[in-house]
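See structure below.
Within every chain, numbering begins at 1; the chains are lettered A, B, ... in the order of the sequence lines, protein sequences first and strands thereafter.
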Protein chains: 2
Amino acid sequence: MATIPYRTYLSEAEMPKYWYNVRADMKEQHDPFIHPGTMQPAKREDLLPVFCEELVNQELNETDRTIEIPEEVRDFYRTYRPAPLVRAYNLEKELGTPAKIYYKFEGNNTSGSHKLNSAVAQVYYAKQQGIKSLTTETGAGQWGTALSMAAAYFKIPLTVYMVKISSQQKPYRKAIIETFGANLIASPSDTTEAGRRILAATPDTGGSLGCAISEAVEKAVTTPDCRYVLGSVLDQVLLHQSIIGCETKAALDLLGEQPDIMIGCAGGGSNLGGFVAEYMGQRIQGKNNIRFIAVEPASCPSLTRGKYAYDFCDTGKMTPLAKMYTLGSGFMPSPIHAGGLRYHGMAPILSKLYHDGYLEATSVTQTGVFEAAQLFSRVEQILPAPESAHAIRTAIDEALKCKESGEQKTIVFNLTGTGYFDMAAYQQYTEGKMTDYIPTDEDLEQGFASLREIPVNEGLV
Amino acid sequence: MATIPYRTYLSEAEMPKYWYNVRADMKEQHDPFIHPGTMQPAKREDLLPVFCEELVNQELNETDRTIEIPEEVRDFYRTYRPAPLVRAYNLEKELGTPAKIYYKFEGNNTSGSHKLNSAVAQVYYAKQQGIKSLTTETGAGQWGTALSMAAAYFKIPLTVYMVKISSQQKPYRKAIIETFGANLIASPSDTTEAGRRILAATPDTGGSLGCAISEAVEKAVTTPDCRYVLGSVLDQVLLHQSIIGCETKAALDLLGEQPDIMIGCAGGGSNLGGFVAEYMGQRIQGKNNIRFIAVEPASCPSLTRGKYAYDFCDTGKMTPLAKMYTLGSGFMPSPIHAGGLRYHGMAPILSKLYHDGYLEATSVTQTGVFEAAQLFSRVEQILPAPESAHAIRTAIDEALKCKESGEQKTIVFNLTGTGYFDMAAYQQYTEGKMTDYIPTDEDLEQGFASLREIPVNEGLV
């Protein structure tokens, strides 16, 4: 038996008590949000009607390197954490690589992904503030599941606007959200002005994430003591997700290991931002020389082929604008199976780190991702979510480079979730029916056009 | 923070190195298998063409209390074990009970259940013997998934006969089994004599477990260097599943806890038999006074309403006969959602222990089970399989009795798996469309009639 165990679990006493706020380490901050009405930087007061107060404070916090995780949130974390850090002995053997491969497994909970880490924090702060109900939207359903679990635990009513076509295509996601007691509404609906407007114009529409966001935000601001919560992109979400990176570092320190390469998939950026936070802070301060790699789908390449510009966070153009790498809120990504990565933009923190050269990015094709997922599942006995398998693909590629060069690098990636609700995609792959889609420059141009309509981008894109 | 953690994980060094063979502790052995051709006790040689040699040895081993887990099997166990022992603080609080509730969570792996524990052992011994391929059958799909994972790991070809109607109703189970590389055949098929015979007589049949077993066994005995493997009922399976109980005991010993009541769901008996093995051995020797409770569905009550008699293990009447509590191999259980508990018989070891008064049994209704499952999921953040939720129902009932009496009992139950592939059932429950089914005495009489046709049962039933 090897000295380093296959799975390393921190004890409860070793679990992190603080989130890590990488903004405190950044030499330059990302540009501020822009209010969509005034096209001026958004003020704290602009955010308070939509988000809970303490979450707004976290959103704007550039100075505190660590923020204490409330006791009640840590109590909840203990129901499904610590997440194991796994040494991928079988994958290493299968590849014949001298590299050491580790992965943090964040799919070890009923929501099936890391989304729960931020869901519980956001619901907790809402409860503390005396908020009486919450709204959110969900597309693929991972965020809706996680939030419904957190809302059930803290006994706070939750309305989830689920993209209508998704609620029809994924009835089991709907069922799990309702099992946790949330009120699920297929969007567009007649419960909001925005929904009624869209239904009147296009009665047969299957809805969109943009529309669902519009409905959830409208519901929140028009209902007394109600707030809206969001599962990615925002600084506060990356802060909560830093529990992933803090646990990873604590476990690697126990094992006496230091990563050479850290890899995560990137849609809105929530898992990657949290996974790398602490090590990234050290890197910025010159204390390590780790390569951080964001992996995105070739079909939705916001970092690798997008523009660094101000854009709406939603396709409905209701939210504040963020400076980020984006394909344009008008970009329509192809229906790939990694629904969680089909987002036109990228978290402002990660966008800034990428822009400043601290973060690398690569894109991979869908079939390459499922090839990696299948290999991984057969040797490591975990069925990864398609999103997570993007990181596996690149981890394998880096390990194979080590095989060629003979270098014994330490590769650490984040395995964000499981694929139990993605079997249709696996089926398509095993039956040889999966295809790849890479947008042409002309395809991208359509999305970029929407950026030029935004006044603050004048001369930029 | 409480002294006892929410989740207790053994370290790899603390993980059991031996399976526990409760037969060595039993004062009387269960009656031997009967050969279906001769109606005489089956000999070792009768079993060798069907099962791997070392597994036959384990099947017949009445004397060795512990059997070493091979290093290669322990290597595999380390990819998904140790399974945590969880103190159900939130459930206790929700119920307001003075009882201490613990559960062993065996759903923490891609197969979604404890089935993997025996799958890996059986595939390992086949590989050791130089067997070139394996066959099995699957109904609900948990066993087929677990075995396909083990077969992928040891790189041994596997053919899974899946009940045709199940393979149509559960395409995602099919997809996951194929992702792991197994050859999945909907049964009845034209690949066997038995299948062709059934297809000729009833071309439109959806198949049955009995038919799938017949096909898998036929394929094994007519293919060179091929063997058949089975996921429940047999002594060897209960032996492998004792890893559950050994880990549970090791963790409880670390915490300084001793169970008063141990609870498991019971279909064929594989999880319960393994879960209680070590503590049961002590009980038989007078070293503890634990209550062991088997929980079965009211719709398929083999222990609580069945007969103790010789019966075929399959509905196709091809297998050896076992002395067990049974509803008769001709009993057709109603289509409840806990497919893993829809079995007419019960493991001979558990049947004997029940007959001798060491094991209690209770039956619960489907809606009661889902009520417990929903409550549990909301406070403990794990979505249980319907099978597993049978144990939760009874654990809650026992905890509520403690609330009434004021007793602080220690209740430990086995949470065998997760419900990700059972969302249609949860949906039915949340929509208020679930019904209960309790067979009448007349319903049971039909199954019992088949027992009277078996010569060795003369005068018994």
Side-chain angles (χ1 to χ4, degrees), chain A residues 1 5-9 11-13 71 74-82 84 86 89-90 108-112 116 148-150 152-153 155 171-176 178-181 370 373-374 377-384 418-431, chain B residues 1 5-9 11-13 71 74-82 84 86 89-90 108-112 116 148-150 152-153 155 171-176 178-181 370 373-374 377-384 418-431:
Chain A
M1 186 176 154
Y6 193 89
R7 292 190 162 203
T8 300
Y9 286 97
S11 70
E12 285 191 357
E71 181 65 36
R74 283 192 283 140
D75 278 346
F76 188 108
Y77 279 170
R78 279 194 285 270
T79 67
Y80 69 98
R81 307 192 71 83
V86 188
Y89 282 117
N90 294 328
N108 233 357
N109 68 73
T110 287
S111 82
L116 201 48
S148 67
M149 290 171 66
Y153 181 86
K155 299 187 197 300
Y172 295 162
R173 273 292 180 198
K174 180 172 180 290
I176 198 168
E178 289 179 339
T179 291
F180 281 99
F370 275 83
Q374 188 181 71
S377 68
R378 290 184 185 181
V379 298
E380 291 289 322
Q381 310 295 328
I382 292 172
L383 189 83
T418 48
Y420 300 118
F421 290 89
D422 302 286
M423 290 319 302
Y426 274 96
Q427 195 167 21
Q428 201 182 60
Y429 178 73
T430 53
E431 291 175 356
Chain B
M1 186 178 154
Y6 193 89
R7 291 191 162 202
T8 300
Y9 286 96
S11 70
E12 286 192 358
E71 182 65 36
R74 283 192 284 139
D75 279 346
F76 188 107
Y77 280 170
R78 278 194 284 269
T79 67
Y80 70 98
R81 307 193 71 84
V86 188
Y89 283 117
N90 294 328
N108 233 357
N109 69 72
T110 286
S111 81
L116 201 47
S148 67
M149 291 172 66
Y153 180 87
K155 301 188 196 299
Y172 295 163
R173 272 292 180 196
K174 180 173 179 291
I176 199 168
E178 289 178 340
T179 291
F180 282 98
F370 275 84
Q374 188 180 71
S377 68
R378 291 184 185 181
V379 297
E380 292 288 323
Q381 309 296 328
I382 292 171
L383 189 83
T418 50
Y420 300 118
F421 290 89
D422 302 286
M423 290 318 301
Y426 274 95
Q427 194 167 20
Q428 200 182 62
Y429 178 73
T430 54
E431 291 175 356

For this session: Just give me the residue among B:Val86, B:Ile176, B:Val379 that pairs up with chain A most often, heavy atom to heavy atom, under 4.5 Å.
Result: B:Ile176
Problem set entry | For chain A, the option from B:Pro82, B:Ser377, B:Ala150 that forms the most heavy-atom pairs under 4.5 Å | B:Ser377
Is it the backbone or the side chain of [X] that comes under 4.5 Å from a heavy atom of chain A, or both, or neither?
X: B:Arg74; value: neither
X: B:Tyr9; value: side chain
X: B:Asn90; value: side chain

Using non-hydrogen atoms only, which part of [X] is less than 4.5 Å away from chain B: side chain, backbone, both, or neither?
X: A:Pro84; answer: neither
X: A:Arg173; answer: neither
X: A:Phe421; answer: side chain
X: A:Ala373; answer: neither
X: A:Tyr429; answer: neither

Exercise. Parallel, tilted or perpendicular for A:Tyr420 and B:Tyr420, by the 30°/60° rule?
Worked result: parallel
Could you give the distance from [atom1] ([X]) to [atom2] ([Y]), rounded to the nearest 0.5 Å?
X: B:Thr430; Y: A:Phe180; atom1: OG1; atom2: CZ; result: 12.0 Å
X: B:Gln374; Y: A:Glu178; atom1: CD; atom2: CD; result: 10.5 Å
X: A:Glu380; Y: B:Tyr153; atom1: CD; atom2: OH; result: 9.0 Å
X: A:Ile382; Y: B:Asn108; atom1: CD1; atom2: CG; result: 9.0 Å

